[in-house]
Number of protein chains: 2
Amino acid sequence: MNIGEAATRSGVSAKMIRYYESIGLITPPARTAAQYRVYAAEDVHTLRFVRRSRDLGFSLEETRELLALWRDKSRASADVKNLAMAHVRELEEKAAELKAMADTLRHLATHCHGDHRPDCPILADFAATTPTQGKA
Amino acid sequence: MNIGEAATRSGVSAKMIRYYESIGLITPPARTAAQYRVYAAEDVHTLRFVRRSRDLGFSLEETRELLALWRDKSRASADVKNLAMAHVRELEEKAAELKAMADTLRHLATHCHGDHRPDCPILADFAATTPTQGKA
DNA sequence: ATGGGGCTTCCCATCATGGGAAGGTCAAGG
DNA sequence: CCTTGACCTTCCCATGATGGGAAGCCCCAT
């Protein structure tokens, strides 16, 4: 199948498929005489794997590791689990950070009249806050 | 004061200060004969404002709007509140997304032995999942 | 054989930030 | 007075993942 079909079936855009190939994430497929990329059903499988990994927030580098683990039939499931759990913690940390920002802002907004008057504790806070040493 | 001191006092790197100037987020400061940028105390104030805005997850474009509102003494606090609350919702959405990813992955990991054996439901899921129409 | 859709490569843009090079400047101390 | 080192200037490049689009070739159906 051509790249377009592989894209549709895997949920990965043709553009990205080419990119993944260029960075060595996936192996270059065979080519027709006219240089068209030719994909097998298994390649779609791999692409779906990548898609799923990305959807779960793994970076391409992490995805590369996961792919390697996936292909290595002899690896210990503990390796995979460790990688996954480390990622879970990262995700939860980022989620908590965003939530904290939202909470802070929501709190500030609570004290803002939100009417026609100009006074606004939100902007007042922005202007008054002293720089904290390095952010997250 | 020079850019270095303004950077230290505001918590915004010199590099970023120059960048903010280049995109018109902040107004170009005066220059010495040797082209050194010269900042006033008030400029540090502005930079802190930007820093705070960024720390709360506003994009530079949103920060630009907030700055405009800040400077416009006649705007209604409702305008600020609306912008802030819209942002709160965005932040909470993103936080929820990350949390959902974490939960999914944690769930998968629960079923992974995490020992020396190779079987791993995490990778199995990755490989089997059918592409969903568009992500987030 | 022609038209339209798909494929190829290549370059550019995004967003916010940092790194680093090459060169000018300033202040302090010998 | 001159050197040294810290600071400043501009300019270019890189990141991470993705999309947009141009120029040109290919393939199939009409």
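The basis for the numbers below is simple: all heavy atoms, side chains too, and nothing from hydrogens, waters or symmetry mates. Residue numbers begin at 1 in each chain, while the letters A, B, ... track the order of the sequences.
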query: Does Thr32(A) or Tyr20(A) map to a spot on DNA chain D nearer the 5' end, using the closest nucleotide for each?
result: Tyr20(A)

Any Arg54(A) side-chain N or O less than 4.0 Å from OP1/OP2 of dT18(D): yes

Options dG18(C), dT9(C), dC26(C), nucleotide nearest the side-chain atoms of Tyr36(B): dC26(C)

- request: Ignoring the backbone of Ser13(B), work out which of dC26(D), dG18(C), dA16(C) is nearest its side chain.
  value: dG18(C)

message: Closest approach to the side chain of Tyr19(B), judged atom by atom: which nucleotide of dT17(C), dC26(D), dG24(C) is it?
response: dT17(C)

task: Verify the neighbour count for atom NE2 of His111(A): are there more than 12 heavy atoms of other residues, nucleotides or ligands below 6.0 Å?
output: yes

Interatomic spacing from CG in Leu98(B) to NZ in Lys99(A) - rounded to 0.5 Å: 13.0 Å

query: Between Ile17(B) (CD1) and dA16(C) (C1'), how many Å, whole number?
result: 15 Å

field: Options dC7(C), dC26(D), dA17(D), nucleotide nearest the side-chain atoms of Asn2(A)
entry: dC7(C)

dC15(C) phosphate, OP1 or OP2, under 4.0 Å from Arg64(B) side-chain N/O: no

- prompt: Any chance the rings of Trp70(A) and Phe49(A) have centres within less than 6.0 Å?
  reply: yes

field: Value in whole Å for how far the C1' atom of dC7(D) lies from CZ of Arg37(B)
entry: 13 Å

Between dC8(D) (P) and Arg18(B) (CZ): distance, integer Å: 7 Å

field: Interatomic distance, Gln35(A) CD vs dA23(D) P [rounded to whole Å]
entry: 22 Å

- prompt: Going by an N to O cut-off under 4.0 Å, is there a salt bridge joining Arg64(A) and Glu61(A)?
  reply: yes

task: Rounded off to whole Å, could you give me the CD-to-C1' distance for the Glu61(A) and dG16(D) pair?
output: 10 Å

field: Lys/Arg N to Asp/Glu carboxylate O, Arg117(A) vs Asp115(A), below 4.0 Å
entry: yes

- request: May I have the distance from Met16(B) (atom CE) to dG19(C) (atom P), rounded to whole angstrom?
  value: 10 Å

task: Write down the distance between CE (Met1(A)) and P (dC27(D)), rounded to a whole number of angstrom.
output: 18 Å

message: Pick the closest DNA chain C nucleotide for Lys15(B) and for Ser59(B) by heavy atoms, then say which residue is nearer the 5' end.
response: Ser59(B)

field: Whole-Å distance separating the CG atom of Leu25(B) from the P atom of dT17(C)
entry: 10 Å

query: Closest to the Ile3(A) side chain: dT17(C), dC7(C), dC8(D)?
result: dC7(C)

